[in-house]
Amino acid sequence: MDFDFNADIFYVPLAQVLTGVGLIAALYLILVYRRRIVSVVRHHRQASRLQSADGKAFMVPAMSVIVYCKDSARALEKLLPEILNQNLDVPFEVIVATDGRSDQAEDVVKLLAAEHKNLRMTYVPDEAHALSRKKLAVTLGVKAARYDYVVLTDAHATVSSYDWLRLIGRHFAEGKEVVIGTSYPVDARKEGGMTRFNMLADKVTYLSGAIAGNAYRGSECNLAFRRQLFFDNNGFTESVGLHHGIDDIFLSRIVRDGNYGVELSGQAQTGYTVPARGSYRNERVRHEFTGRRLSKGSRRLMGLGSLCMWLWLAATVAAGVMLWPAVLPLCVLVAAGIVWIGVTAAAWCAAAKVLHVPVSGWMMPVYLFVRPLTTLWMRLAGHRHRSANYTWAKPV
């Protein structure tokens with residue numbers, strides 16, 4: 001078989017178009033798409049260096065931690081000591097907000113409250129059905145808080161370090177009003193590889209957006225804000241008819257340029273237990289639904305990256321089929337593909353490591369091309385089941 005390596009092929013308009021489209025797509029992936037991923041890794045490293053350099057020199061304000069609990073007394077029994085024994089030289093309190101009365105949760109709180117006077121409990125009455133029960137529980141917790149700064153988490157969370165609150169609080173000490181933390185699934189391996197990559201990609205998308213100044217989402221297991229912001233923005237009234245929206249709709253209403261910090265140091269991340277296999281699907285579907293009300297800048301930049309992957313692939317295949325036996329354009333595009341796939345996969349692997357989401361590096365190219373298809377499928381699923389997001393229907 002004879003191959004034609006004559007450079008004169010680049011005088012052919014079709015070769016110019018295909019090569020140009022493929023190279024532009026590859027350049028976007030290397031210079032823009034990859035940079036968004038790397039920004040999360042760099043922010044993590046910077047936060048970790050500041051943590052080591054500052055030690056305990058910075059003063060943090062008093063804080064109120066609100067722990068949402070629903071049918072999770074055993075998880076609460078493990079989490080509360082991790083919070084109550086935080087390394088803080090200032091007063092702080094822990095408020096357990098339960099979804100309905102729970103004798104088991106009350107027993108756990110009473111036992112620990114005998115030793116820790118800063119532990120209290122509140123609950124949503126069983127007959128309350130006017131709005132999201134979780135939002136009502138958090139609202140009761142915020143109203144019961146004594147201190148000016150509130151930290152939200154969940155009974156199914158795990159705290160990575162006894163310095164967690166101190167690392168969150170250092171942003172308040174610097175004048176920030178909101179702190180966006182992150183959480184990771186401690187048992188993610190029970191999910192499929194594509195699901196784990198989607199978990200990672202979702203986190204990188206909203207965290208890179210926040211780092212770039214376009215915060216629109218956080219984690220309900222690791223979110224903090226000044227208490228007055230809650231009242232100034234009328235709590236959850238913006239999403240009063242929805243089951244969800246604490247970590248995105250509410251957050252997007254209280255952040256503005258310069259008033260928030262992103263905390264990604266390893267000791268400030270919280271873990272969480274995935275309730276059951278397939279539960280991430282429900283979480284992603286509901287974020288696709290609530291995401292319609294939010295800024296789309298960061299998601300569009302990452303989505304454009306997915307489009308560029310397919311443009312490069314289409315241009316490469318077309319060059320191989322339509323310009324054969326001239327293979328020089330094909331060789332150029334394949335070489336560009338090797339570069340962008342290599343550097344992008346390396347960036348994703350680094351992000352997976354710092355965000356504690358186990359993703360197989362050798363499968364990364366497959367995940368990159370498949371993700372747009374899973375995103376489309378999730379959006380269609382969200383559209384079919386959109387009524388389940390409202391408080392008059394059973395939550396997804």
Side-chain angles (χ1 to χ4, degrees), residues 10 14-45 193-214 216-217 264 284 291 295-323 327-355 357 359-379:
F10 288 113
L14 179 61
Q16 294 174 349
V17 170
L18 293 177
T19 306
V21 169
L23 289 178
I24 290 173
L27 285 173
Y28 181 89
L29 290 165
I30 295 170
L31 300 178
V32 180
Y33 181 80
R34 173 183 170 274
R35 182 177 296 179
R36 300 286 290 193
I37 305 167
V38 171
S39 69
V40 175
V41 180
R42 288 176 177 170
H43 195 86
H44 163 80
R45 292 172 179 169
M194 190 67 231
T195 298
R196 295 199 300 270
F197 179 75
N198 280 327
M199 290 179 178
L200 172 65
D202 288 346
K203 292 181 187 300
V204 168
T205 300
Y206 77 74
L207 288 171
S208 63
I211 292 168
N214 182 29
Y216 68 91
R217 182 176 154 190
L264 294 183
R284 194 173 178 204
S295 169
K296 297 178 175 60
S298 182
R299 286 173 288 171
R300 284 173 176 166
L301 280 174
M302 298 298 283
L304 183 56
S306 296
L307 175 62
C308 285
M309 295 176 200
W310 283 95
L311 284 176
W312 168 84
L313 181 62
T316 302
V317 172
V321 173
M322 302 175 70
L323 299 177
V327 295
L328 200 55
L330 176 63
C331 292
V332 171
L333 292 175
V334 168
I338 292 173
V339 173
W340 81 252
I341 290 175
V343 299
T344 302
W348 277 116
C349 288
K353 182 177 180 180
V354 303
L355 296 179
V357 182
V359 178
S360 299
W362 67 275
M363 284 291 292
M364 201 68 73
V366 176
Y367 297 149
L368 291 173
F369 282 101
V370 174
R371 176 168 166 80
L373 304 180
T374 64
T375 299
L376 177 61
W377 186 85
M378 289 293 178
R379 287 177 180 171

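Quick note: residue numbers are just sequence positions, from 1.
Thr375 OG1 to Asn198 CG: the interatomic distance, rounded to the nearest 0.5 Å, is 6.0 Å. Distance check, rounded to the nearest 0.5 Å: CG of Leu18 to CG of Leu311 gives 11.5 Å.
Residues Ile37 and Ala347 come closest through the heavy atom pair CG2-O, 3.5 Å. Contact between Leu264 and His44 at its shortest, heavy atoms only, is O-ND1, 2.9 Å. Of all non-hydrogen atoms in Ala26 and Ala336, the two that sit nearest each other are CB-CB, 4.1 Å. The nearest pair of heavy atoms linking Leu333 to Gly22 is CD2-CA, 3.6 Å. Considering all non-hydrogen atoms of both residues, Leu29 and Cys308 come closest at CG-CB, 4.0 Å. Among all heavy-atom pairs drawn from Leu355 and Val40, the shortest one is CD1-CG1, 4.1 Å.
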| request: Check step by step if side chain to side chain donor-acceptor pair (under 3.5 Å) holds for Thr205 and Arg36. | output: CA-CA 8 Å; Thr205 300; Arg36 300 286 290 193; over 6 Å; no
| Given Tyr28 and Leu301, is the side-chain contact (heavy atoms from CB on, under 4.5 Å) satisfied, shown in steps? | CA-CA 10 Å; Tyr28 181 89; Leu301 280 174; 3.5 Å; yes
| message | Using the rule given for side-chain contact (heavy atoms from CB on, under 4.5 Å), can you reason through Phe197 versus Val357, listing the C-alpha separation, both sets of side-chain angles and the distance that settles it, and then say yes or no? | response | CA-CA 8 Å; Phe197 179 75; Val357 182; over 6 Å; no
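Geometrically, Arg196 does not engage Tyr367 in a cation-pi contact defined by less than 6.0 Å to the ring centre and at most 45° from the axis.
Using a 4.5 Å heavy-atom threshold, the side chains of Val366 and Met363 count as touching.
Among residue pairs with one or both ends in residues 344-353, those qualifying as side-chain hydrogen bond (donor to acceptor under 3.5 Å, both in side chains) are Tyr33-Trp348; sequence neighbours excluded.
Ion pairing between Asp202 and Arg371 holds under the 4.0 Å rule for side-chain N and carboxylate O.
Proximity of a side-chain donor or acceptor of Trp312 to a complementary backbone N or O of Leu23 within less than 3.5 Å is not detected.
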